[in-house]
Amino acid sequence: MLVVMKAHATEEQVRAVCERIEHFGYRAHPIPGAQRTAIGITGNKGAVEAGTLEEMSGVQEVIVVSKPYKLVSRDVKEEDTEVLFTGSDGSFGGRTLGIIAGPCSVESREQAFAIAERIAKAGARFFRGGAYKPRTSPYAFQGLGEDALKIMAEIRDRFGLRIVTEAIDNETLDLVAEYADCVQIGARNMQNFSLLKKAGRLRKPVLLKRGMSATLEEFLMAAEYILSEGNYQVILCERGVRTFADHTRNTLDLSIVPAVQKLSHLPIIVDPSHGTGKRDKVLPLSRAAVAVGADGLIVEVHHEPDRALSDGMQSLFPDQFDELMSEIRQIAPVVHRNVQEPQGKPVVVKAGK
Ligand code: PEP
Ligand code: MN
């Protein structure tokens, strides 16, 4: 159920409706939009008695949401959600693409700083780096844990980059959230429902990756778990799904980008690194992701990929990341988007303009 408020409904009227909903024992999610506020109702087993809500002042209508997902849906919020970061001009879901880059894993201070310097110079606003790694083998490098988080906190201070890093379980989520600006939930955890709910109680953005075999509906329902707990700052990420294809690590399903955008107001970005598993495929699929209308990219970059402790094969050299940024800067305007220049770089105004 969804209560649509009138365009000029007052804050008191919205609050009164929320109180009435909570009085019924349900949860109210007021979601302000450009035109009007909608209040999503969750926690109800069946239909909510609409009559008492419809009569309240400021209410325009009460509608039944037939889709299984509600809060992520455009029924609740028609316009795109833009996820913002205080003190940064980086964001996801607005006109400017959000670009995240960095190594698969933070391996040392020197490694992370060398890569951060290059990706900042290329214009990225977000640094990615794994501190806790979900590895297929228990013998593979598992990440430096809190030491890596501390290194990334230094990177934020030094380069002004915002930090995106994965929480792999409930036990470490709070610690990761203390350091991260955006908490990543990986493909393997897309249906770890207790982790999703806990991430929903955070008050910072969550990057939710699509599960390896998740349908569109399962993907949106996973996001719904986070929103249903009150965290509306969710960025979706397509990172490839398992298919019979063996020329790439995964099959990057770019068609999910417009499919998500049709149904949901949440931003969706693309991970061409895990999506292809091969360095030489990352640039072409990045171009395609921007062209298809993705709200950003998350790309693995390593200054010495041959020596990387994880995912070296799919990591770009910094020079290749420079090339990627330069190419997507040219493609983005075609789809009415733009890509940031390096921080602090003066804007060049062409003569005659
Ligand atoms: C990663 O980003 O390094 C990662 C493990 O991604 P995914 O969960 O998509 O496999
Ligand atoms: Mn990786």
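For ligands, and for the atoms within them, numbers begin at 1 and follow the listed sequence. Just the heavy atoms: all of them, side chains too, but no hydrogens, waters or symmetry mates, feed the values below.
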> Is it true that a side-chain atom of Glu224 and a backbone atom of Lys70 form a donor plus acceptor pair closer than 3.5 Å?
Replying inline: yes
> Strictly by modelled atom types, are His274 and Gln314 linked by a side-chain donor-acceptor pair under 3.5 Å?
Replying inline: yes
>> Just to verify, what does Phe126 make a ring pair (Phe, Tyr, Trp, His ring centres under 6.0 Å) with, not counting sequence neighbours?
In response: Phe85, Phe92
> What are the two closest heavy atoms between Ala38 and Val76, and how far apart are they?
Replying inline: CB-O, 3.2 Å
> Does a side-chain heavy-atom distance below 4.5 Å link Val176 with Glu166?
Replying inline: no
> Any side-chain heavy atom of Leu202 sitting closer than 4.5 Å to one from Gln233?
Replying inline: no
> Please state the angle at the Mn ion (ligand 2) spanned by NE2 of His274 and OD2 of Asp311: what is it, rounded to 10 degrees?
Replying inline: 90°
>> Can you tell me which N/O/S atom of Glu300 has the shortest distance to the Mn ion (ligand 2)?
In response: OE2
> Just one of Glu229, His29, Arg27 clears the side chain to side chain donor-acceptor pair (under 3.5 Å) bar with Thr42, so which one?
Replying inline: His29
>> Residues around ligand 1, heavy atom under 4.0 Å from any ligand atom, sorted by chain and number. Can you pull those?
In response: Cys104, Arg128, Lys133, Pro134, Glu166, Gln184, Gly186, Ala187, Arg188, Lys209, Arg239, His274, Glu300
